[in-house]
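Notes follow the structure.
Order of the sequence lines fixes the chain letters, A, B, ..., with proteins taken first and strands second; residue numbering starts at 1 for each chain. Any value given below was found using the heavy atoms of this structure, including those in side chains, with hydrogens, waters and symmetry copies removed.
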Amino acid sequence: MTALNTQPNLDRPDELYARLLAAHRDLDDAQSAKVNAKLVLLLANHIGDPQVIDEAIAAAREDVVTGSTP
Amino acid sequence: MKTYIQPRYGYTRAADQDGATARKPVVVVGAGPVGLALAIDLGTRGIPVVVLDDDDTVSVGSRAICYAKRTLEILDRLGCADPVCERGVGWNVGKVFHRDALVFQFELVHETGHHRPGMVNLQQYHLEETLVRRAREIPGVDLRWKHKVTGVAPHGDRVDVTVETPDGPYTLACDWLVACDGARSPVRGMLGLESEGQAFRDRFLIADIHMHSDFPPERWFWFDPPFHPGQSVLLHRQADDVWRVDFQLGWDADPDEERKPERILPRLRAMLGPQARFEIEWASVYTFQCRRMKRFRQGRVLFAGDAAHLVSPFGARGANSGVQDADNLAWKLALVVDGRAGERLLDSYDDERMAAADENIAASTGSTDFITPKSAASRLFRDAVLELAKRHPFARRLVNSGRLSTPAVLRGSPLNTRDRDADFPHGDAAMEPGAPAADAPVRGDRGPWLLRYLEDGFTLLAFGPVAAADVEALARGEVPVHVVTVGEGGVDDVEGLCATRYAARPGSCFLVRPDQHVCGRWRTFDRRAVEAALAHALAREDR
């Protein structure tokens, strides 16, 4: 069990961002949502560690649920 | 129905209906699978039991159809498993389809060396007939058909029960009343008690059809099949060439319309093809709920089966958990009635079976969320899992078409004796206290399966010699412990599977309760430790 790493961990952050956008380029909203859901499942399985996943879920919900912006 | 004629047992007048109010140790309300299993268990333990049922026949329609391995083992103990397994359809493989493709298949039992299969499908009426036949063989079991309970009055020392019959009403007094009267439990209502939880906004059509087919005896589940788009379908084979088809209909479906043959037939034709020849035996449209009572013991009234807790049908956790309730309660009630245990032992029924009910409700709710997603996000993840499952093994474990009934491990039970740390430094999950004793192939005078060697009372399974003086001392106790040796001088562990399944070393001992759950284990025999664990399992010493 390890903590979620929210420090920079990508060698080429701009490339990751571009890759994510590219994955959705020709998709409609429903298809995009499906791809995102699959991506979450694939990555969550790869990570495996329930603490990391729980912290990621909490971090992902944080501003969405409170509606506040940092 | 074409394949089944309902037996009519007929009303019988009981002697108690004349004269003063009779006093009974135990009255069971409801002659369904749970009430009958309990009555048989109590009766064979020498406890007289009256069973009151408002009808005089078995279940109308197939209803519960899947009996899990653990239930079959309990039925073995009650002398009822052979007819159930002979008549029923044993199966071990489930297949899951998404749209028109097989996503994966699973097995219930992954290994050989078990007496009973993972699951047997059999119409509930056949099971009940078998149980009635067995109950009638036991002198202490008094089955009263067309005796409808209309009033229940609990007192400190007894419960008074008012019973309506074709000859008019009468009153019975009992020490203990067990309500096995189903999901709508009239007894629960009479006591002003509730079963609380969650209702699911969906409707399902169950159709039993009579059809000659060479489909394999497997459980087939479809998500979003071409013949029933957007919904799920489940197919099970039962006895007598009867097949159960379960169509998800959605919340907006009109239950009265959907029950009509002219609505059911096109659905079946779409599924089975235009050439299929079949007849509808029975059909029903249902919704479902997951709920339970706050306590299963309310003083001198105990609740078991659907009366106490309710789950969705996906997972076959209704009848199976109800039979486990009866299995858990019978020996305790028997010991309390004959004065060898205090009534505090009955509180452990509450503790143990509520934990089991919570496990079943959690599993059933999870299956329901997967099968009938109720939000866009829930459907999105469901469909994502199904699509991934075709190619990626990890996602198959996320597919949930019903987590099929597994026996409760009574891990948190107050009756368990904690392992000595020195004996089990790493915990060791195999046959931990609370686990149901595993079966295994053996050779000996009681036949080829280990569970047959367990007594109706407490048994010490010893994987090494126990001195004759100790065996005698344990057998002489007020509540005897019968020592069964596995290995030299005892039951022959022919394939070594007893030792494997119990993670046993030479000298290991397991104290097994009358319901075949382990309640203590040791690496070496120690009579005092066994006696202390026995007292603990009887809720005797102060907590």
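The structure places NE2 of His392(B) at 7.5 Å from NZ of Lys38(A), a figure rounded to the nearest 0.5 Å.
Pairing each heavy atom of Leu380(B) with each of Ala37(A), the nearest pair is CG-CB, 3.9 Å. For the residue pair Ala384(B) and Leu41(A), the shortest heavy atom distance occurs at CB-CD1, 3.8 Å.
Shown here is Asp29(A), whose CG atom has no more than 12 heavy atoms of other residues, nucleotides or ligands within 6.0 Å. No more than 12 heavy atoms of other residues, nucleotides or ligands sit less than 6.0 Å from atom NZ of Lys294(B). Counting non-hydrogen atoms of other residues, nucleotides and ligands closer than 6.0 Å to OH of Tyr286(B) gives a total above 12. Within 6.0 Å of CZ on Arg379(B) lie more than 12 heavy atoms contributed by other residues, nucleotides or ligands.
Of the two parts of Val40(A), only the side chain, counted from C-beta on, holds a non-hydrogen atom closer than 4.5 Å to a non-hydrogen atom of chain B.
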